[in-house]
Enquirer: 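Sharing a structure with you now.
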Number of protein chains: 2
Amino acid sequence: MELDDRKKRVLQAIVDDYVATNEPVGSKSLIERHNFQVSSATLRNDMAELERLGFIEKPHTSAGRIPSDLGYREYVDSLMKIDTLTQKEQQEIESNISGTVDEAADLIKSATHTLSEATGFISLSMSPRLQKSFLKQIKILMIEPGKALVVLVLSAGVVKDKIVRIPNFITDEQMIKISGAIEKNLTGKPLDEITLVTVETAAKDTEIPSGILRQVLYEAYTAIKQADQLSIYLEGEHKMLAFPDFSSMGRARDLLGTLSDSGMVAGYVNEMENQAQVSGKKDSYMIRIGQEITLEGLDDCSFITATYNMGDTVSGNIGVIGPKRMDYSRVISKMDFVKKKLNEELKKLT
Amino acid sequence: MELDDRKKRVLQAIVDDYVATNEPVGSKSLIERHNFQVSSATLRNDMAELERLGFIEKPHTSAGRIPSDLGYREYVDSLMKIDTLTQKEQQEIESNISGTVDEAADLIKSATHTLSEATGFISLSMSPRLQKSFLKQIKILMIEPGKALVVLVLSAGVVKDKIVRIPNFITDEQMIKISGAIEKNLTGKPLDEITLVTVETAAKDTEIPSGILRQVLYEAYTAIKQADQLSIYLEGEHKMLAFPDFSSMGRARDLLGTLSDSGMVAGYVNEMENQAQVSGKKDSYMIRIGQEITLEGLDDCSFITATYNMGDTVSGNIGVIGPKRMDYSRVISKMDFVKKKLNEELKKLT
DNA sequence: TGTTGGCACTCAGAAGAGCCGAGTGCTAAT
DNA sequence: ATTAGCACTCGGCTCTTCTGAGTGCCAACA
């Protein structure tokens, strides 16, 4: 069922007006604000049709119409055109993201912050998926008898460390040997190709008794495996309280409650990313609207994400969560620009 | 002006009832719930007196009384008695905090989480104040030409690292020399005694050209200085939305907005800690009620903190932020127990 | 002097009535 | 297919009234 041109314009106008005013929009106000060359009665017919098709709905009999989830979906898929940012908007974002930061994590955080500031909504970032990054260096440093520090330097400028317990009687010299052997054999390997076996084989030509060795290697292995754990960072949650859409408090609580479970949110972002990969995404962004979001309490939200890249093989996500009654075009263009800048800056770190 | 015994009981009863019901409490309901051996008229006289003294107030003429900030203050200072936790409550906390964690930061986080769960309020923790910790190890590892990693191992099991830029042409051998020299001379020094001069002198007997050396040392120095930056961790913000005390949305937004500025909150916690030190605190906790809190939007909250210890010289804070209409005794006893457990576990890491 | 019963008074909040007006669907004419 | 016209709907605003918990105060009492 294809919408004719005018109906498309009507839907578009309804979304635009509703986003701008937060009031159900009626046929008459539609005529006033947009110059349709027809009468309000005609629009009423169109609106009845749009409602029958599920694109709009009315909160109650005597009110105007508001877009349904499907309506928003149609809007973002085929009706809206993405704006370009003004010089000033670009500058504001640019000046916040670029700078003299040497750690990728800081850069990503500052991009997240900028994104929340620029949109006025909740922003988030996922840490890079490091399974595909490779080990540039690995060192095991003795801290004190029984305790050592595993330091991993990964491609794309990421460093991870972990304190591990080791047998008490291992000496500095032994540890240097082990560390050297592991480093020699694992450097250059992608994280997801490193298994416990790989690690154990890596150190087999040291002449350390295998009992001792095993435990150290096991700890080194877990440190490596922990390095690619995903983490999520959220910012600007409180901004949602400013929107009338969440004035009911119960809704606000559900929303913030769900978001406080960062594991769950991270999982959901991952899912979005995966689905986009499978379906051969054509857009630079992924978007979920209202009930499409399976997280509890986000029924009145839209969730927009994009993918940033760190080197050739490693990527992560940034995203925005806002009321589904949002200016999609503005948000998407801002997110896109933030992503672009972030990619550029990340490249400089490589 | 000392309160006589009955007036004390009245104030106590008012606080208790108001905390339990969130309704202004009147003379009659006071008689019903507590067995005062006098009539409601007598209590009315007492209440008038308490109001004159500023301990209680009425929201409007025809309502009961609610405690004022001063009333709560009197309550926590001299009226309440701290409960002891039940076996079950203790176990719940214990099982969450102890465990096999090797990093102090993780331990503190899990204590914070437990604290929020146990109280139902916002909890927070400050990272340990590391100025007084001493350097156990410092290593500078080459990552690639122009880039190095400074790794600091501090007393009390804290590790910090920082990627720094260095002159391109420094060789591995040179770096090992520099690293060794710094380590030899700085190990064992408290962070706050290390200055740029200390660092520069530490490496002066390497035979590296001083131009090159200077930059590396400067970077090492900033890495050290960055290590003791305070950070704050907050959890459970959304829980506040459940309380009728914050149902006005505007208040909720102000509260969460203020809390999202972590630097500001950290500064305030610091201030509380310092004032407690100066005034020779006698309690194991610090408490600020309502308007006593200078942070914007926390007028309806109480802010309770305690100090945890990591070794002899290093300490940090944990705390709870809840509605000032809270069960102080319960919260304080829980926080105290969490702190105790946290201290025990931290000790194990040393 | 502290305590009590009694009484007039207050006032927030709930409940109900009425109105307004933006918006709708439908019909008949163009 | 479009339009004018019209009867109808109903959320939300205002206004009023009512209710009841709670108060302050006074005069009597122990």
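These values consider heavy atoms only, across backbone and side chains, with no hydrogens, waters or symmetry-generated copies. Small disclaimer: the values here were computed from a predicted structure and weren't measured. Labels below follow one simple rule: chain letters A, B, ... track the order of the sequence lines, proteins then strands, and each chain is numbered from 1.
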Enquirer: Please report the distance, rounded to the nearest Å, between CG in B:L43 and C1' in C:dT4.
Expert: 12 Å
Enquirer: In whole Å, what is the span from the NZ atom of A:K28 to the P atom of D:dA4?
Expert: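 About 13 Å, once rounded to whole Å.
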Enquirer: When you measure from the side chain of A:N45, which nucleotide among D:dG20, D:dC10, D:dT3 comes out closest?
Expert: D:dT3
Enquirer: Between P on C:dT24 and CG on A:L50, what's the gap in Å once rounded to a whole number?
Expert: 12 Å
Enquirer: What is the distance, to the nearest angstrom, from the CD1 atom on B:I31 to the P atom on C:dT3?
Expert: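 Distance, rounded to whole Å: 12 Å.
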Enquirer: Starting at the 5' end of DNA chain D, which residue's closest nucleotide do you reach first, B:G64 or A:D46?
Expert: A:D46
Enquirer: More 5' along DNA chain C: B:R6 or A:A63, using each one's nearest nucleotide?
Expert: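 Mapping each residue to its closest nucleotide by heavy atoms, the 5'-most match is B:R6.
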Enquirer: With respect to the phosphate group of C:dT24, does any side-chain polar atom (N or O) of A:S27 fall under 4.0 Å of OP1 or OP2?
Expert: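 For A:S27, the contact criterion (side-chain N or O under 4.0 Å from OP1 or OP2 of C:dT24) is met.
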Enquirer: Counting side-chain heavy atoms from CB outward, which of C:dC11, C:dT4, D:dG24 is closest to B:S62?
Expert: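 The answer is C:dC11.
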Enquirer: Do B:Y72 and B:E74 have side-chain N/O donor and acceptor atoms under 3.5 Å apart?
Expert: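 The criterion, which ignores hydrogens and geometry beyond distance, is not satisfied for B:E74 and B:Y72.
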Enquirer: OP1 or OP2 of C:dA22 versus the side-chain N and O atoms of A:K58: is any pair under 4.0 Å?
Expert: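 For C:dA22, neither OP1 nor OP2 has a side-chain N or O of A:K58 closer than 4.0 Å.
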Enquirer: Between B:T305 and B:N317, is any side-chain donor less than 3.5 angstrom from a side-chain acceptor?
Expert: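 Checked: B:T305/B:N317 side chains show no N/O donor-acceptor pair below 3.5 Å.
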Enquirer: May I ask you to verify whether the side chain of B:R44 and the base of C:dG5 hold a donor-acceptor pair under 3.5 Å?
Expert: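 Such a pair does not exist between side chain and base.
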Enquirer: Does B:T61 put a side-chain nitrogen or oxygen below 4.0 Å from OP1 or OP2 of C:dT10?
Expert: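 It does not, given that no N or O in the side chain of B:T61 lies less than 4.0 Å from OP1 or OP2 of C:dT10.
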Enquirer: Could you state the NZ-P distance from A:K7 to D:dT2, rounded to the nearest angstrom?
Expert: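 Computing the A:K7:NZ to D:dT2:P distance gives 8 Å.
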Enquirer: Could you tell me whether the side chains of B:R6 and B:Q37 share a donor-acceptor contact shorter than 3.5 Å?
Expert: no
Enquirer: Does OP1 or OP2 of C:dT4 have a side-chain N or O of B:S39 closer than 4.0 Å?
Expert: yes
Enquirer: For the residue pair B:S27 and B:S40, confirm or rule out a side-chain donor-acceptor distance under 3.5 Å.
Expert: no
Enquirer: Under the 3.5 angstrom rule, does the side chain of A:S68 hit a backbone N or O of A:F55 as a donor-acceptor pair?
Expert: yes
Enquirer: Return the value, rounded to whole Å, for the distance between atom CD1 of B:I66 and atom C1' of D:dA21.
Expert: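 To the nearest whole Å, that distance equals 16 Å.
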Enquirer: How close or far is atom P of D:dG22 from atom CD1 of B:I14, stated in whole angstroms?
Expert: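 After rounding, the gap between these two atoms is 12 Å.
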Enquirer: Is any side-chain N or O of B:R65 closer than 4.0 Å to OP1 or OP2 of D:dT23?
Expert: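 Yes, because at least one side-chain N or O of B:R65 sits under 4.0 Å from OP1 or OP2 of D:dT23.
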Enquirer: Return the value, rounded to whole Å, for the distance between atom CD of A:E23 and atom C1' of C:dA22.
Expert: 11 Å
